[in-house]
Amino acid sequence: MAGCRGSLCCCCRWCCCCGERETRTPEELTILGETQEEEDEILPRKDYESLDYDRCINDPYLEVLETVDSKKSRRYEAVKWMVVFAIGVCTGLVGLFVDFFVRLFTQLKFGVVQTSVEECSQKGCLALSLLELLGFNLIFVFLGSLLVLIEPVAAGSGIPEIKCYLNGVKVPGIVRLRTLLCKAFGVLFSVAGGLFVGKEGPMIHSGAVVGAGLPQFQSISFRKIQVNFPYFRSDRDKRDFVSAGAAAGIAAAFGAPIGGTLFSLEEGSSFWNQGLTWKVLFCSMSATFTLNFFRSGIQFGSWGSFHLPGLLSFGEFKCSDSDKKCHLWTAVDLGFFIVMGVIGGLLGATFNCLNKRLAKYRMRNVHPKPKLVRVLESLLVSLVTTAVVFVASMVLGECRQMLSSSQTGNDSFPLQVASEDVNSSIKTFFCPNETYNDMATLFFNPQESAILQLFHQDGTFSPVTLALFFVLYFLLACWTYGISVPSGLFVPSLLCGAAFGRLVANVLKSYIGLGHIYSGTFALIGAAAFLGGVVRMTISLTVILIESTNEITYGLPIMVTLMVAKWTGDFFNKGIYDIHVGLRGVPLLEWETEAEMDKLRASDIMEPNLTYVYPHTRIQSLVSILRTTVHHAFPVVTENRGNEKEFMKGNQLISNNIKFKKSSILTRAGEQRRRSQSMKSYPSSELRNMCDEHVASEEPAEKEDLLQQMLERRYTPYPNLYPDQSPSEDWTMEERFRPLTFHGLILRSQLVTLLVRGVCYSESQSSASQPRLSYAEMAEDYPRYPDIHDLDLTLLNPRMIVDVTPYMNPSPFTVSPNTSVSQVFNLFRTMGLRHLPVVNAVGEIVGIITRHNLTYEFLQARLRQHYQTI
């Protein structure tokens, strides 16, 4: 539809529009799940809901507050700190489990295959070695794909989904225990299966699942596990713990607790405070040192020492003592780093573009087919990857001279450990003594070992080898990310970028004659440039890389490189995680809106079609509303008949400085008509206020001030202002459209809980006789409340009345119809809201705003409509 801007009559590729005529509006395309193929854009889906981060200050919650004293507050805070510590420890143990078995399976596979290669190189039976490698890889990848069939959400890295969750979107199944089990087992099989994926990315998802599930002390997968733990029964607490768990996953993966904290802050959480920062950092520290303690003890036998801070260690960057001209980096190198950042951004944008096309192809041609096709695709990728790795290692490598340890002059213990890892992973396939096969050294090793080779190997890698390795790895990693296995992208991007950086260093050394260059620094900057060009992270990724290198002097070049790579990549497309969020149609909210959006007001983007409930409503009406709608919140209103005459003037409905065209009112009137038709069998008293004391409403004088009337009635919160008869087809516009006085919001989950627990009273009784539920009883079924369609209606008397006023939120955040979109957006995002009522100055609700009304695509559509009406 971009081609329709700026002209009143134009023809696009799919439709012609003149003035306001349009065959398919963006909203209709969204509902139908179609795409605007001019830009091949997938619109946000409307079946995603927001989390309830705002507190519901109802009567049960106030009763809890009345019992809270300083002692209970301190105990609650202490419990929260203990839970945060437990989340960090458990996340570290998950990382230990994955790392242990990945190492075990990888050593088994490469040990068997390497022995076979060495034997067959003399006997000429390398095909047998290839078959052995294929057997290992295909079995492992097959097991990983089967686990994804059990829980499809476990596919991929999980970072896009966790990003959405921290942004306030409820993604189904993303933080379930079954997802964690499939993720943890699946990622160790996919990494051990030789796919170009990493285990560090899924650690973020695993940590988030631990953070969401551990404080609940219950699981839907293990229903018999029921612990009476009354704390943290809300989305507000759950999302805080998910933030801590995601940060702990980063900390465990890279040994970067500060970087993990910044990742949660930068990439997701829309609501943040100082107390949460401390807890998230403490959780990250707990995960880092738990993993460090056990890995150091298991690998070195030195329990109590800390040598291995994360799953991925970059080692220590240090020039050889014998090379006096060597420097880690100089001011001259900074210019090369900027150029590498530009190239990294271009390469990252290319990677993202190709992967997006592959993902769309899978969505159209693979996902609609039987699930077995996804497994076959994973096996095909594994087959091709294994063949390329084996053939490239045997055929395309060059024999390069090894440097002795005396030439390196590295004596410190941490560097000695890294040097031993580097030297032990050198492959000498078909090469004479004192030489090694450079291609096999990169391809025929775990990815972490290959990264260490590029960072710290003092021997040279052929420029041709590095170029071939980069191209092959780039294409295969792009093809692999998105198949139905748990897979991370951090390590493949780092390895691909490190090869690029090492290639630049070789060219500068060999062909330009810059002898002072330290190849490890250029490999690190290349890794940062490519990774930054792919994921487009800045602050958190800078700190993660600095913590992983344990070298603060790299702070400036890494930061400059990442910024340049991000700016360059953003010129072409979004980051890889944002792309996959968009492909899933998740309504993710950015940090802020564009400046031109302030041309719109809340009344331009709100939803005027309201489905509402009355303070006192019969059970049959509530059941009808809940079963015929999918809304997750309902305004609690009374109909203000006394103000009708002031609302209708000419062809416009004027309500407190906001003007609606009569055509827009028809949608609201139509909604009321549909509701009245569905209740034709109900008596007229169904739509009346069933309060105990009926307050007579007098017809106001026409000249009396409306605001003054509202102020005079402020001590009568729920007056009897309902129509005296059921809605009729013969009603005029004035009779059909009633001003709705807003009293609060009540959630679908709260209404269903009231019905399940039989909270109601009979017409002959007072509402005071209605049973009262405590806050613990209201939250007992969290997070999976009963569904209205599972409710046994035979247990309910449809004539009984439910008083919803004690359980609604009487003071939600509201905005005026004239509020600018930027103010609405900032309030909604920063406060983590789910519903935002639009209320005028006299307390009447005129619409409601949800997350879908604030997405970029929706705002752009409204802005186009705004331009057309000017």
Once ring-ring contact (aromatic ring centres under 6.0 Å, His included) is applied, do any residues pair with [X], and if so which ones, sequence neighbours excluded?
X	value
Y165	none
Y481	H580
F742	none
F825	none

message: Quick check for you: to the nearest 0.5 Å, what is the distance between I159 atom CD1 and I162 atom CD1?
response: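 Between atom CD1 of I159 and atom CD1 of I162 there are 9.5 Å.
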task: Could you tell me the separation between the NZ atom of K599 and the CE atom of M597, rounded to the nearest 0.5 Å?
output: 9.5 Å
query: How far apart are the C-alpha atoms of R748 and H631, what are their side-chain angles, what is the distance that settles it, and do they pass the side chain to side chain donor-acceptor pair (under 3.5 Å) test?
result: CA-CA 7 Å; R748 168 181 288 268; H631 304 307; over 6 Å; no
Quick check: does any side chain N or O of [X] sit under 3.5 Å from a backbone N or O of [Y], one acting as donor and the other as acceptor?
X	Y	result
S822	D598	no
T179	V175	no
T617	V613	no
N167	L589	yes
N809	G744	no
H835	L747	no
K183	A154	yes

- request: Might you confirm whether atom CD of E592 has over 12 heavy atoms from other residues, nucleotides or ligands at distances under 6.0 Å?
  value: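 Check fails, neighbour count at 12 or below.
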Who are the side chain to side chain donor-acceptor pair (under 3.5 Å) partners of [X], not counting sequence neighbours?
X	result
D787	none
Q823	S820
N58	none
R627	none

In chain order, what residues pass the salt bridge (charged side-chain N to carboxylate O under 4.0 Å, His left out) check against [X], with sequence neighbours excluded?
X	answer
D604	none
D570	R536, K566
R601	none
K279	E77

- request: Applying side chain to side chain contact (heavy atoms under 4.5 Å, CB included) between V838 and each of P817, P608, S603, report the one that passes.
  value: P817
task: Determine whether T869 and Q865 make a side-chain contact, defined as any pair of heavy atoms from C-beta on separated by less than 4.5 Å.
output: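 No - every pair of side-chain heavy atoms lies 4.5 Å or more apart.
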